[in-house]
Amino acid sequence: VNGPALSLLGEREPAIYGAVTLDEIESSCRAWGEEHGVPVCCFQSNAEGALLDFLQAERHRASGAVLNAAAYTHTSIAIPDAIKAVNLPTVEVHLSDITAREEFRKVSYTAPVCIATVAGKGFDSYLAAVEILLAWLAGA
Ligand code: DQA
């Protein structure tokens with residue numbers, strides 16, 4: 001589940017976020033899912049409410065979520081509330097290392113309700129996150 005401006009990955013600040021597009025990230029996650037027998041469903045929106053609607057709509061079908069809430073990570077209370085409400089194990093993911101950037105990015109309102117956070121590995125953050133989620137589900 002990807003939040004605002006991640007639709008522009010590849011052209012958006014490539015020095016920070018890399019050259020990989022969201023399409024490529026989604027395809028890699030789906031391919032990883034096929035290899036591991038785990039169907040992966042991808043969604044992106046620039047709108048906070050649409051992210052909430054998606055999590056709510058998928059809450060019975062999904063076993064867990066990998067979420068890059070993008071800038072909403074640092075501002076939204078509604079997103080962590082939604083993660084708790086839908087009760088899906090969620091891994092927070094970021095391409096960049098949010099702990100090594102501006103002060104305001106060091107605050108994540110989603111981290112406390114997530115089972116793990118992966119940041120700073122670029123595109124590989126997503127694959128690390130799905131691995132963590134699958135391992136968590138296997139042990140749950
Ligand atoms: C981001 C980091 C956020 O601070 C930023 O607002 C983003 C992307 C990342 O993946 O590194 O939009 O979540």
Side-chain angles (χ1 to χ4, degrees):
V1 182
N2 283 290
L6 295 171
S7 41
L8 294 183
L9 286 177
E11 62 180 274
R12 175 194 179 199
E13 299 183 88
I16 296 175
Y17 299 118
V20 179
T21 65
L22 186 59
D23 263 0
E24 289 167 333
I25 291 175
E26 291 183 350
S27 299
S28 297
C29 288
R30 284 199 196 92
W32 176 92
E34 272 163 33
E35 264 172 48
H36 292 81
V38 178
V40 173
C41 169
C42 302
F43 179 76
Q44 188 276 331
S45 179
N46 295 327
E48 186 179 23
L51 298 170
L52 304 190
D53 289 344
F54 179 77
L55 288 170
Q56 289 184 22
E58 296 298 323
R59 72 187 187 283
H60 294 137
R61 195 152 48 140
S63 305
V66 168
L67 171 70
N68 186 347
Y72 292 137
T73 306
H74 320 296
T75 62
S76 172
I77 304 296
I79 289 177
D81 276 0
I83 294 169
K84 281 192 285 183
V86 300
N87 204 23
L88 286 174
T90 300
V91 179
E92 173 180 355
V93 62
H94 302 283
L95 295 137
S96 65
D97 180 2
I98 56 171
T99 65
R101 298 181 62 194
E102 301 95 324
E103 282 302 307
F104 65 85
R105 289 187 208 276
K106 293 180 181 165
V107 176
S108 167
Y109 289 112
T110 53
V113 301
C114 288
I115 59 170
T117 297
V118 186
K121 297 176 189 287
F123 156 76
D124 288 339
S125 290
Y126 284 83
L127 293 178
V130 285
E131 294 277 0
I132 289 169
L133 181 59
L134 189 59
W136 191 93
L137 289 168

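Indexing begins at 1, ligand by ligand and atom by atom, following the structure's order.
- Side-chain contact check for Thr73 and Glu92: no donor-acceptor pair (N or O, by modelled atom type) lies under 3.5 Å.
- For His94, heavy-atom contacts with ligand 1 shorter than 4.0 Å involve the backbone as well as the side chain.
- Tyr72 does not count as a contact of ligand 1, since none of its heavy atoms falls under 4.0 Å from the ligand.
- Among Asn2, Asp23, Leu95, the one residue that satisfies the side-chain contact (heavy atoms from CB on, under 4.5 Å) test with Leu9 is Leu95.
- Ligand 1 has no N or O atom lying under 3.5 Å from any N or O atom of Leu6, backbone or side chain.
- The heavy-atom pair separating Asn68 from His94 by the smallest distance is OD1-ND1, 3.5 Å.
- When heavy-atom distances to ligand 1 are checked against a 4.0 Å cut-off, Ile98 comes that close only through its side chain, counted from C-beta outward.
- In this structure, Ser125 contributes its side chain and Val93 its backbone to no donor-acceptor pair below 3.5 Å.
- Between the Asn46 side chain and the Ala5 main chain, a donor and an acceptor come within less than 3.5 Å of each other.
- Under a 4.0 Å criterion applied to the non-hydrogen atoms of His74, ligand 1 contributes the atoms 3 (C), 4 (O).
- Using a non-hydrogen distance threshold of 4.0 Å, Arg12 registers as a contact of ligand 1.
- For the pair Ser96 and ligand 1, the shortest N or O to N or O distance falls below 3.5 Å.
- With distances taken over non-hydrogen atoms, the option nearest atom 6 (O) of ligand 1 out of Arg105, Glu13, Arg101 is Arg105.
- Side chain of Arg105 to main chain of Glu102: no donor-acceptor pair is present (N/O by atom type, distance under 3.5 Å, no hydrogens or angles).
- Within the 3.5 Å criterion, the main-chain N or O of Ser108 finds no donor-acceptor partner in the side chain of His74.
- The proximity of Val93 to ligand 1, defined as any non-hydrogen pair under 4.0 Å, does not occur for either the backbone or the side chain.
- Remark: side-chain polar atoms of Glu24 are paired, donor with acceptor, to backbone N or O of Thr21 under 3.5 angstrom.
- In terms of protein heavy atoms, atom 9 (C) of ligand 1 is closest to Leu95 N, 3.4 Å.
- Contact analysis puts Asn68 in contact with ligand 1, with a non-hydrogen atom separation below 4.0 angstrom.
- Counting the atoms of ligand 1 from 1 in the order shown, those under 4.0 Å from a heavy atom of Tyr17 are 5 (C), 7 (C), 8 (C), 9 (C), 11 (O).
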